[in-house]
Structure formats: structure tokens, C-alpha cells
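Everything on this sheet refers to the single structure shown next.
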Amino acid sequence: MKADQYVTVAREGTHESEINRSRFLCSLAPAATEREAQEFIARVRKEHPAATHNCYAYVIGADASVQKASDDGEPGGTAGVPMLQMLTRRDIRYAVAVVTRYYGGVKLGAGGLIRAYGGVVGEALDALGTVTRRRYRLATVTVDHQRAGKTQNDLRSTGRAVLDVRYGEAVSIEIGLPEAEVEGFRAWLADVTAGTAGFELGGEAYAEG
């Protein structure tokens, strides 16, 4: 069963905290694939070669099917896991977090590390913001040229997501529909186009909304 919606990071960015003289920089980014997440981790490591640690966590898939975390030399379970737990607790998907630590001379202990690494990810999510993406069925509405303009206006005025318009012998308008609204939309479309519009369901996608 696919998730009907998920939350992801609004944009790439970095948030910094200082805890007992250690600097913690949390870099967050959206990541569509595991490879994108790994490329982002490599990039952050390259930017901070002198850092004591570059720990990471990422969650890929609307159902969180891929989850990875690394302590990067911190005591086992004190860095990557609390970072991952913060992402999953907030329902964050398709996102990667890297926490870069510059050691400041004061040991935090296991409990302190867990709070620091999890906490800085939470702060970064708050600072950078998140967006909710909902699952849609893609569908194509086909109308003749005379009706195309009015149909597009009707779609937009009822809050439908118009994704693409293609002009050929007829006009194909690609839209996104929540699954629960498909049958109601079919009836609405027949009504506003006097039964002349074609309607074809496609695959699924996620979009903000």
C-alpha cells in the first residue's frame, strides 16, 4: 500500500548549533534516489575535510523503504541513528541529513551525543521548512480546440492541478487527481463538456498540495 502523502525538505540548506564548544552543522537536502543522497553526503564531506565527523542519515521512498545511517566514528548508535529517528518521527521522506561536527574539547557522553545529533536535525528541519507531497493519479483529458480554453479555465477554477497541455488534432490536458476524486471528476467532466471530452487514467505521482 503506497503512502497517500509524505513530507520532505523544502530546500537544500545548512543550520548550525554550538553545544559545549563543539560546532554542529546540519546540512539537509531533498534526494529523489539513494544515489542523490550519497552524492550530497560526498559533497558535504569534501566541503568539511577538517571536521571531526560527518555523520549522515537518509530516507528514500514514500513508504521509507530505504533507510541508512552512519556514525562516522562516533560511538555506535549515538549519531546516525538519532538523526534517522528524527527524520522518520517527522515523516520525512526523500531527504538526506549530514551533521558535520567540529570537536570543541568537551566530551558530551553517549546521551549528550544522541540529543545533539537528533536535536540539530530537528532544528534544521524547522529552520529550512518542509513541504507535504500528496499522491495523485495522473489523468489525461482530451477535448476539441473550441472547448480547450474553457475546459482549462474550469479545471483551474475548481482547483485542479493542470500539469501539461499538448495541442494536436485534439487538445490533451494532463492533470493530477487525488484517487478518491476520480469518479466524481469523471461525472463533472462529462457535465461541463456535454459528454464530448475523453478521459484516460494514467500512473501515479506525488505533488505539492
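Just the heavy atoms: all of them, side chains too, but no hydrogens, waters or symmetry mates, feed the values below.
- A salt bridge does not link Asp191 to Arg186: none of the charged nitrogens lies less than 4.0 Å from a carboxylate oxygen.
- Trp188 and Val171 fall within a single hydrophobic cluster, where Ile, Leu, Val, Met, Phe, Trp and Tyr side chains are chained together by heavy-atom contacts under 4.5 Å.
- For Arg11, the side chain to side chain contact (heavy atoms under 4.5 Å, CB included) criterion is met by Leu128, not counting sequence neighbours.
- Inter-residue side-chain proximity for Arg166 and Thr142 is flagged as unmet; no heavy-atom pair is nearer than 4.5 Å.
- Residues Leu84 and Gln67 meet the side-chain proximity criterion, which asks for heavy atoms closer than 4.5 Å.
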When the side chains of residues 95-110 are checked against the rest of the protein, which donor-acceptor pairs come out under 3.5 Å, sequence neighbours left out?
residue : atom : partner : partner atom : Å
Thr100  : OG1  : Asn54   : OD1          : 2.7
Arg101  : NE   : Ser22   : OG           : 3.2
Arg101  : NH1  : Glu74   : OE2          : 2.9
Arg101  : NH2  : Ser22   : OG           : 3.2
Tyr102  : OH   : His48   : ND1          : 2.9

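- Residues His15 and Leu25 form no side-chain contact, since every pair of their non-hydrogen atoms from C-beta on lies 4.5 Å or further apart.
- Within the 3.5 Å criterion, the main-chain N or O of Gly61 finds no donor-acceptor partner in the side chain of Ser65.
- When side chains are defined from C-beta on, Thr132 counts as touching Gln5, because their heavy atoms get closer than 4.5 Å.
- Val81 shares a hydrophobic cluster with no other residue; no ILVMFWY side chain has heavy atoms under 4.5 Å from its own.
- Salt bridge annotation for Arg160-Glu181: present, with a cationic side-chain nitrogen under 4.0 angstrom from a carboxylate oxygen.
- Glu36 pairs by the side chain to side chain contact (heavy atoms under 4.5 Å, CB included) definition with Ala31, Ala32, Thr33, not counting sequence neighbours.
- Aromatic ring orientation, Phe185 versus Phe199: tilted (interplanar angle from 30° to 60°).
- With respect to the salt-bridge test (charged N to carboxylate O, under 4.0 angstrom), the residues Arg43 and Glu39 do not qualify.
- Between Glu34 and Gln38, some side-chain heavy-atom pair lies under the 4.5 Å cut-off.
- Checked against salt bridge (Lys or Arg N to Asp or Glu O under 4.0 Å), Glu200 has no partners two or more places apart in sequence or in another chain.
- The aromatic ring centroids of Tyr6 and Tyr94 lie less than 6.0 Å from each other.
- A salt bridge links Arg137 and Glu179; the closest N-O separation between the charged side-chain nitrogens and carboxylate oxygens is under 4.0 Å.
- Side-chain atoms of Thr8 come within 3.5 Å of backbone N or O of Arg93 as a donor-acceptor pair.
- Under the ring pair (Phe, Tyr, Trp, His ring centres under 6.0 Å) criterion, Phe40 pairs with no residue at all, not counting sequence neighbours.
- You'll find the side chain of Thr151 reaches within 4.5 Å of the side chain of Thr193, heavy atoms only.
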